[in-house]
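Some notes on the structure that comes next.
To find a chain, count down the sequence lines: A is the first, B the second, and so on, and within it residues start at 1. Source: prediction; values computed, not measured.
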Number of protein chains: 2
Amino acid sequence: MKKVTIQDIAKELNISFSTVARALNDHPAISEATKKLVRKTAQRLNYRQNKLASSLRSGHSNTIGIMVPSLDVSFFSSVVHGIEKIMNENGYSILLYQSNESYESEKKGIETFLNSRVAGIIASVAKETQTHEHFAEIQRRRIPLLFFDRALEALQVPSVTIDDYKGGFLATEHLIRQGYKRIVHITAGQTIGIFKERLRGYVNALKLYDLPVDKNLILYGDFSLDFGRQCVKELYQNNIPFDAVFALEDFTAMGALQQLLDYKVHVPEEVGVIGFANESFGALVTPGLSSIDQQTVHMGEAAAELFLKMLRSEDLYNNLPERIVLAPHLIARASTARRDNSKFSRQYPQESEGEQLI
Amino acid sequence: MKKVTIQDIAKELNISFSTVARALNDHPAISEATKKLVRKTAQRLNYRQNKLASSLRSGHSNTIGIMVPSLDVSFFSSVVHGIEKIMNENGYSILLYQSNESYESEKKGIETFLNSRVAGIIASVAKETQTHEHFAEIQRRRIPLLFFDRALEALQVPSVTIDDYKGGFLATEHLIRQGYKRIVHITAGQTIGIFKERLRGYVNALKLYDLPVDKNLILYGDFSLDFGRQCVKELYQNNIPFDAVFALEDFTAMGALQQLLDYKVHVPEEVGVIGFANESFGALVTPGLSSIDQQTVHMGEAAAELFLKMLRSEDLYNNLPERIVLAPHLIARASTARRDNSKFSRQYPQESEGEQLI
DNA sequence: TTGAAAGCGCTAACAA
DNA sequence: TTGTTAGCGCTTTCAA
């Protein structure tokens with residue numbers, strides 16, 4: 001199949017190729033008659049516009065780059081799902097890149113985006129990333145950049161994140177209201193912003209409710225199902241009493257829960273467990289795992305909408321960057337259903353999604 | 001920041017711009033001295049190659065299109081994760097498109113890919129798609145096309161799928177060997193190929209083990225957690241005796257399992273339950289949900305490898321298309337752990353992943 | 001309402 | 001080893 005260009009259509013119709021180009025782009029100065037004729041011929045010849053040529057010439061592109069740590073993490077694939085949907089409805093295509101949490105890979109991806117002359121970039125920063133030179137270059141080239149979930153605070157870049165402090169606070173407050181008093185918090189050893197915020201929420205909730213902050217109850221480490229199990233094991237081995245576990249994310253919480261059940265500890269009666277992220281399995285396990293919902297759908301939508309606004313505005317880097325912070329939601333399930341909590345007053349407006357206990 | 005081109009570098013160094021181009025592309029005819037000089041200047045001026053221009057001129061592109069029904073389905077996001085990783089390692093970028101199971105959307109996506117002059121397309125067909133004209137056009141343009149998981153048999157296109165017949169057979173055989181005799185199969189009302197194959201595997205396994213095929217035990221419908229619950233309810237309401245459920249996928253199986261537990265039916269002692277897809281929650285619920293693993297990782301890898309082979313071969317459409325069919329694996333967990341099954345002989349080589357019962 | 005012509009930034013054949 | 005030159009297929013200004 002020979003490649004068909006606007007020249008071929010022009011020859012077919014004995015008109016100039018610029019008229020053909022205008023007709024195909026629905027230029028107002030072209031008569032309806034020629035437009036119709038051109039479109040018909042284009043279809044007959046199986047013509048397809050060459051976006052490479054048109055983008056090269058016009059300097060505009062309708063491709064945007066999305067950089068995520070990994071599509072294997074349901075949170076990210078879910079947000080990408082949402083962003084792609086909305087950007088696609090607005091005529092944009094998605095160039096996808098996974099950093100796999102590696103700084104080098106992230107840098108390479110940004111380069112690819114830049115070389116491909118994308119119209120803008122939406123990114124969630126890799127765990128490993130310490131410097132921000134590669135992101136700064138995007139700004140220097142005046143290309144719209146937006147962070148979601150994991151942002152680099154040092155850069156003046158718009159972002160959509162959730163309030164991790166509030167998430168940590170909500171989880172801890174919920175446990176306190178359920179009557180738990182010695183609450184363990186499992187957090188990350190590294191100094192990732194979002195986990196520090198969750199920890200801060202935990203500490204402040206304890207203080208607000210006049211509970212002591214016990215260093216022995218704050219466990220640092222990697223996060224994984226196994227680490228959750230190990231934490232519970234060590235707490236028992238070291239004879240450290242506790243009656244609840246708030247883990248930085250659901251898999252770790254699930255590990256803790258499994259280990260407790262292995263030890264024949266009653267959940268939620270003796271020990272309550274809550275996680276973070278509201279992974280889909282939380283609703284399916286027994287007892288149902290309480291968690292903090294990260295507003296995945298909203299985050300994708302908000303990111304796409306804000307980004308579209310950026311693409312449309314000219315004075316992109318003149319005003320202060322818009323930073324949208326979404327409110328996390330408490331999802332109370334059986335793993336923390338110790339008792340009636342009606343006597344407590346509400347601290348935040350939407351405390352629960354009203355999900356059924358399982 | 002002004003846009004820097006090879007012309008700017010050429011002016012800086014008082015050499016011709018084609019020398020610069022050659023130097024940057026590591027052309028063998030250029031001396032090491034100039035190469036070094038050019039590279040240094042390029043870096044100093046913050047030069048970035050324009051892929052639009054180079055692809056337009058050379059006629060080659062290193063972008064490939066990936067079309068999936070939805071990234072919100074963990075199976076697809078997981079396969080895309082794998083494909084992106086390998087293609088990326090081989091120097092390709094990914095243009096991503098979700099059909100959301102819509103034929104129109106799929107068609108539009110293919111058009112975008114074609115207009116963007118992708119080097120090739122990897123696709124999993126939308127549920128809604130009945131015709132294959134849009135895929136045929138890809139072939140007519142001699143662009144490499146590969147299907148994964150959901151292929152259109154009518155087209156001579158290479159594909160990577162799993163053996164759904166064998167999956168259905170394995171699941172049913174496993175239940176039979178565990179001593180279950182009246183096995184319900186929940187399948188899709190629509191006539192999707194892969195579900196028909198699973199049903200065929202179910203029927204043939206029963207026949208092979210001399211068990212009757214009872215129409216009352218084959219339930220057609222939508223697939224969802226709720227439908228699984230509903231199936232169990234109806235079976236009890238209609239007084240249809242059964243001692244096992246094989247559902248077309250894990251969420252439906254989970255619904256059946258939950259309803260059985262609500263009815264205080266003992267799983268696996270009284271009724272066994274097995275699903276399909278090996279979703280991550282299966283290992284976390286209690287009792288652990290037996291399932292059929294779809295070889296997600298292998299599928300991504302196999303698809304990427306086969307595709308790379310296609311991209312490299314010239315006589316792409318001359319020989320018969322390679323169709324790779326992966327073997328599904330039985331994952332036996334607590335939901336079917338009725339009793340010792342050592343007295344049965346093995347039908348297939350790898351019967352179980354040897355996963356611990358939870 | 002249409003045509004002519006220039007050129008986006010690069011690759012690659014041909015010359016030197 | 002390097003330079004000259006001609007486009008890739010399109011958008012867009014200027015002219016008619």
For [X], which contact category applies under a 4.0 Å heavy-atom criterion: base, sugar-phosphate, or nothing?
X: I15(A); answer: sugar-phosphate
X: Q7(B); answer: nothing
X: S18(B); answer: base
X: S55(A); answer: nothing

Checklist entry - Only one of T5(A), L37(A), I9(A) clears side chain to side chain contact (heavy atoms under 4.5 Å, CB included) with V20(A); which? => result I9(A)
I need the [atom1]-[atom2] distance between [X] and [N], as an integer number of Å.
X: Q49(B); N: dG9(C); atom1: CD; atom2: P; answer: 13 Å
X: K11(B); N: dG9(C); atom1: NZ; atom2: C1'; answer: 13 Å
X: R22(B); N: dC14(C); atom1: CZ; atom2: C1'; answer: 10 Å
X: I6(A); N: dA4(C); atom1: CD1; atom2: P; answer: 13 Å
X: D8(B); N: dG9(C); atom1: CG; atom2: P; answer: 9 Å
X: L52(B); N: dC8(D); atom1: CG; atom2: C1'; answer: 12 Å
X: D26(B); N: dT2(D); atom1: CG; atom2: P; answer: 13 Å
X: K51(A); N: dG9(C); atom1: NZ; atom2: P; answer: 20 Å

For [N], take OP1 and OP2 only and decide whether either is under 4.0 Å from a side-chain N or O of [X].
X: T19(A); N: dG3(C); value: yes
X: S16(B); N: dG3(D); value: yes
X: N50(B); N: dC8(C); value: no

Choosing from [options], which nucleotide comes nearest the side chain of [X]?
X: S54(B); options: dT11(C), dT2(D), dT11(D); value: dT11(C)
X: S58(B); options: dG9(C), dA12(C), dT11(D); value: dA12(C)
X: T5(A); options: dG3(D), dT1(C), dC10(D); value: dC10(D)

Checklist entry - Do the ring planes of F148(A) and F75(A) sit parallel (below 30°), tilted (30 to 60°) or perpendicular (above 60°)? => result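 Rings of F148(A) and F75(A): tilted, 30 to 60°.
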Checklist entry - Under 30°, 30 to 60°, or over 60°: which ring-plane class applies to F147(B) and F135(B), parallel, tilted or perpendicular? => result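 Correct class here is perpendicular.
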Checklist entry - Hey, is the side chain of R57(B) pairing donor to acceptor with the base of dG7(D) inside 3.5 Å? => result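 Pair found.
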Item to check | Heavy-atom closest pair, residues S124(B) and D149(B) | outcome: OG-CB, 3.9 Å
Next on the checklist: One thing to verify: whether E12(A) and R44(A) come together as a salt bridge, which I'm taking to mean a side-chain N less than 4.0 angstrom from a carboxylate O.
Outcome noted: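 Answer for the salt bridge query: yes.
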Item to check | Pairwise 5' ranking along DNA chain D for L56(B) and T34(B), keeping only the more 5' one | outcome: T34(B)
